Every structure is written in C-alpha cells, then in structure tokens.
Novice: 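Just passing along the structure, written as structure tokens.
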Amino acid sequence: MHVRHVVLIMSVWKERLSNARKLMAKNGIDVLVLYEAENLQYLSGVTDPTLHTCGTIVLPIDGKPTIIVLWQDIEVARKESQIQDIVGARCTESAKQRKVAEVLREFSAPGVTVGVDYLDFTEFETLKTSFQSTSPNAKFIDASDMLSMLRLIKSNEETKFLRKAAEISDCGMEAAVRALRVGATELEVAAEAEYEMKKKGSWELKHPTLVASGKRTLWIHPYASEKRIEKNDLVVIDLGAVYGGYCSDICRTCVVGSSNRIQEDLFNAVLEAQSTAFNVLKEGTTIRTISEVVREVFKKRGYAKYFPSLIGHFIGLQIEEEPMIMPKNADIEFKPNTVVSLFQSSVFEPKAGGVRLEDMALVTKTKSEVLTHYPREFIKI
Ligand SMILES: [Mn+2]
C-alpha cells in the first residue's frame, strides 16, 4: 500500500460496479451521478481529499463510467482511480456542473432517469437545467442512500482497515484518559487523543472528538470546549480514527475524583445492556431483538424511561451508515461482515449526568466480535 492510498482490487471493483448496476435497475435509474466522497471511494478507489471534495462519477447502467475531476487533479485521478475515463473540469461549481451535464449528454434518451446522490440545491439546479436543455424529459431522482446497502457488507480488505482504525482509536482513548485531571480543559484532552491518533497513522477526523465534563455530559454532541474539568466531574470521551478511509468509533465514561451511587448504577446498566446486545448480535438477529434486549436491561434496573430509541449505527467509510439501529428499522436483520457501533446515545439522568459507552463490532454468522479493545469499564482517575 502506498502512503494514504488504497488499492481497490480490480475484481472487487468490478463486483461493486455490477452490484451498483443491479440496484440502478431495481430503482429504474439509467445513469447514476455520484458526488459523495464515500461513494467516490467505493466505486473508483480514490482517496485523495481534493478528488473526494471535487470529483463526480457518472455511471451509466450500460457503458463505461466516467470520473470528472478538477483539471489540476487529472494526474492524481489517473494514479488512484479504477475509472480511467477521466474528464477535467474548471473549479467553479457552475462550470463543474455544466461539465457533468456534458458527460451525461452522451446518455440522453427520451425519458432518461438520472439518480443523484447528495448535492447542494443550487448546484443541482445548474446540473438539472443544463442537462434538460438537451434532454427536456429527463427525470431526476434522489439516490442519496442507494449505495448504503452495498457499502454495508464489508470485504476482507475493508474489515482490515476497520480493525486498524479501531486499534488506533483505542490508543486515542488511552491518551485522552491519560490527560484527564482537575484543571485540564476538555480541548486539551481532545488534543492529546487526536495527536496520538495522528501519530499512529489516523488520516483525518471524521468523528469530531467529543469531550464533555460535568453538566455538559447531558448534551448530545458535546464537542470539546474550553471548560476546565472540575473535581468529581463525570467526563464522557467519544472519538474515532480513520484508516484507509474507514472510520472507528469508541466512547468511554470516566470520573475525575469520586462517582456517586446513581452514576455507578447507571454505568452498570449501560454496560450490561451493551454486553447483552453484543451477545445476541450475529447473522439473522433483527434490530427489534437488539432493541428489546437492551430495553429489558434498562427496565430491570429501573431506568426504562432513560432508554434511548436510537441505540447504534453501522460504520464504514462514514461514521454513521444507514440503516440506523432504531425502532423504525426493527425488521432489518444483521448480515455477516457488517460492522455495528453500539451505543450511539447517552443515557441521561438529569441529576447524575449522561453516561455513554460505545464500541464497534463485526457481525459474523455465529457471533459478534468487538473490534475496540480499550477496557470497557467506568474509568476512575
Ligand atoms: Mn461515537
């Protein structure tokens, strides 16, 4: 492997293209236009940040795919991309969308249906207007989440990256915990974790480092702040690394000083619920079953009303990949070679604070294997 580069094996790439085309057929899409970084990496192998930000893939159901990149990036694309039909575009967004429309024109046909993933509204309007000037009947449909079902199942190569990302985040957690002391700011703790993860090879941050102390543990997304840690503060640390483009996610709850009985009790409930969930997680387990076993533990321990409805998510090229582990997806079954992160949310007890514990696990035919290895305990400093 080169530095910050992933070789997308030809056979894996072909299989992904063919699976994407099956999904296109199922959804009545003739041409797919992809802008999202993770979709670009998945269907072409590119990892360069500029290609991720400014690249676009045009994938017809029949015929060769094209990748449109900034003209300055053509050489990088030639090196990184399995898609070797490369078109250069100028930098302004409208120029770029007109170029994409030009590539699309090759697939003009009466009633052609174009699927588009995440795109800014203004840019979408430019793309649509320019394409419809030559294909007035073209239909555009939202294909934002279409590839998430494909990205869900990980190849061996992808699992290796996820394991490595998990290992790096263990080191990040260790560094964060080492930095905990009365008087340290949350940002100082986050900085130590991020520094350590970069030293261990983490490419970037896709998971903003959350460090929440005291009352801030009651927040949902407590990005590390200038707040100083006080004596007996509960501290929640939630972070992740990125390796080969793949994310990890780990969270621990700590106390700097001494904990109270409710905090202990709450942590034990969360730990038991998480362990129970991992114990039943394997091929065929439904999201309903996971939710029920978790709810049961909270009920038994008298914390039913604090039970969060969103308890986890899949993880891969993105931190949170669809489908979310929540009641509306109850019937979905876990498949082998998917990677799941549990728990997503804190359990909040207004007086005691928010307690959070999160680890990622690989689902197999017979069990789940937890990939993050930092000790799963209430950490006392
Ligand atoms: Mn997390």
Side-chain angles (χ1 to χ4, degrees), residues 165-202 204-242 247-275 306 319 341-360 370-381:
E167 194 187 305
I168 297 174
S169 62
D170 286 338
C171 300
M173 184 58 74
E174 198 186 319
V177 170
R178 218 186 302 126
L180 286 178
R181 59 175 174 83
V182 171
T185 67
E186 294 168 352
L187 278 166
E188 283 163 9
V189 175
E192 292 299 331
E194 292 176 10
Y195 181 52
E196 185 63 27
M197 291 195 289
K198 280 260 160 83
K199 282 196 290 185
K200 291 281 186 311
S202 179
E204 60 188 305
L205 284 181
K206 289 192 187 178
H207 187 309
T209 308
L210 308 185
V211 179
S213 58
K215 286 224 172 338
R216 296 184 78 249
T217 56
L218 295 168
W219 296 25
I220 296 189
H221 290 116
Y223 283 34
S225 76
E226 301 96 318
K227 180 187 172 298
R228 289 188 190 279
I229 295 168
E230 291 163 47
K231 193 166 188 297
N232 300 334
D233 261 357
L234 205 59
V235 183
V236 164
I237 302 167
D238 193 345
L239 51 81
V242 174
C247 303
S248 58
D249 199 350
I250 182 171
C251 179
R252 292 292 180 266
T253 297
C254 320
V255 67
V256 182
S258 39
S259 55
N260 62 40
R261 205 188 45 78
I262 308 174
Q263 290 164 343
E264 290 287 333
D265 227 40
L266 209 54
F267 183 85
N268 289 335
V270 175
L271 179 62
E272 188 189 336
Q274 193 208 38
S275 307
Y306 302 123
I319 283 286
S341 193
L342 296 173
F343 293 131
Q344 162 76 351
S345 317
S346 292
V347 177
F348 301 105
E349 205 283 348
K351 277 183 244 142
V355 164
R356 209 186 286 205
L357 180 67
E358 186 173 26
D359 287 276
M360 51 195 280
V370 178
L371 302 181
T372 34
H373 298 301
Y374 192 83
R376 285 165 59 217
E377 57 194 37
F378 194 4
I379 296 151
K380 318 275 172 59
I381 306 296

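Because the structure is a prediction, the values reported are computed rather than measured. Note: hydrogens, waters and symmetry copies are ignored here, and every other heavy atom, side chains too, is used.
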Novice: Test your reading of the model: is there a side-chain donor-acceptor pair from S346 to the backbone of R356, 3.5 Å cut-off?
Specialist: no
Novice: Taking atom types as modelled, is there a side-chain donor on H207 or D249 under 3.5 Å from an acceptor on the other?
Specialist: yes
Novice: To the nearest 0.5 Å, how far apart are CG in L187 and OG1 in T209?
Specialist: 9.5 Å
Novice: Using the salt bridge (Lys or Arg N to Asp or Glu O under 4.0 Å) criterion, which residues pair with K199? Sequence neighbours excluded.
Specialist: E196
Novice: Check whether any side-chain N or O of R181 sits under 3.5 Å from a backbone N or O of I381 as a donor-acceptor pair, and report yes or no.
Specialist: no
Novice: For the residue pair L180 and V189, establish whether any side-chain heavy-atom pair is separated by less than 4.5 Å.
Specialist: yes
Novice: So how far is it from S275 OG to L342 CG, rounded to the nearest 0.5 Å?
Specialist: 11.0 Å
Novice: Which atoms form the tightest heavy-atom contact between E358 and D238, and what is the distance?
Specialist: OE1-OD1, 3.3 Å
Novice: Please tabulate, for side-chain N and O atoms in residues 229-237, each donor-acceptor pair with protein atoms closer than 3.5 Å (sequence neighbours left out).
Specialist:
from : atom 1 : to   : atom 2 : distance (Å)
N232 : OD1    : S258 : N      : 2.7
N232 : OD1    : S258 : OG     : 3.4
D233 : OD2    : K227 : NZ     : 2.8
D233 : OD2    : E230 : N      : 2.9

Novice: Nearest 0.5 Å, please: how far is CZ in F267 from SG in C254?
Specialist: 9.0 Å
Novice: What pair of heavy atoms forms the shortest contact from K206 to C247, and how long is it?
Specialist: CD-SG, 3.5 Å
Novice: Could you tell me which non-hydrogen atom of T372 sits nearest to which non-hydrogen atom of A166, and how far apart they are?
Specialist: CG2-CB, 4.0 Å
Novice: Does the side chain of L357 come within less than 4.5 Å of D359's, by heavy atoms?
Specialist: yes
Novice: Could you go through the side chain to side chain contact (heavy atoms under 4.5 Å, CB included) check for S169 and M360 one step at a time?
Specialist: CA-CA 11 Å; S169 62; M360 51 195 280; 5.6 Å; no
Novice: With no hydrogens and no angle check, is any side-chain donor or acceptor of E186 less than 3.5 Å from a backbone partner on A224?
Specialist: no
Novice: Is a side-chain donor or acceptor of Q263 paired with a backbone partner of N260 at a separation under 3.5 angstrom?
Specialist: yes
Novice: If every non-hydrogen atom of Y223 is compared with every non-hydrogen atom of P208, which pair is closest and at what distance?
Specialist: OH-CG, 3.3 Å
Novice: Determine whether a donor-acceptor pair (N or O, by modelled atom type, separation under 3.5 Å) exists between the side chain of D170 and the backbone of H373.
Specialist: yes
Novice: Taking the side chain as every heavy atom from C-beta outward, state whether S345 and Y306 have any atom pair closer than 4.5 Å.
Specialist: no
Novice: Is the backbone N or O of V177 less than 3.5 Å from a side-chain atom of R252, with the two atoms forming a donor-acceptor pair by type?
Specialist: no
Novice: Do E188 side-chain atoms and A179 backbone N/O form a donor-acceptor pair below 3.5 Å?
Specialist: no
Novice: On a heavy-atom basis, which atom in L239 and which in A193 lie closest, and how many Å separate them?
Specialist: CD2-CB, 3.7 Å
Novice: Would the distance check show the side chain of T185 and the main-chain N or O of R228 forming a donor-acceptor pair, the cut-off being under 3.5 Å?
Specialist: no
Novice: With a 4.0 Å cut-off, would you call E174 and R178 a salt bridge?
Specialist: yes
Novice: What's the shortest heavy-atom distance between L266 and E349, and which atoms?
Specialist: CD2-CB, 3.6 Å
Novice: Check this for me: I262, atom CD1, are more than 12 non-hydrogen atoms of other residues, nucleotides or ligands nearer than 6.0 Å?
Specialist: yes
Novice: I need the E194 CD to M197 CE distance, nearest 0.5 Å.
Specialist: 6.0 Å
Novice: Can you tell me if NZ on K380 sees more than 12 non-hydrogen neighbours from other groups inside 6.0 Å?
Specialist: yes
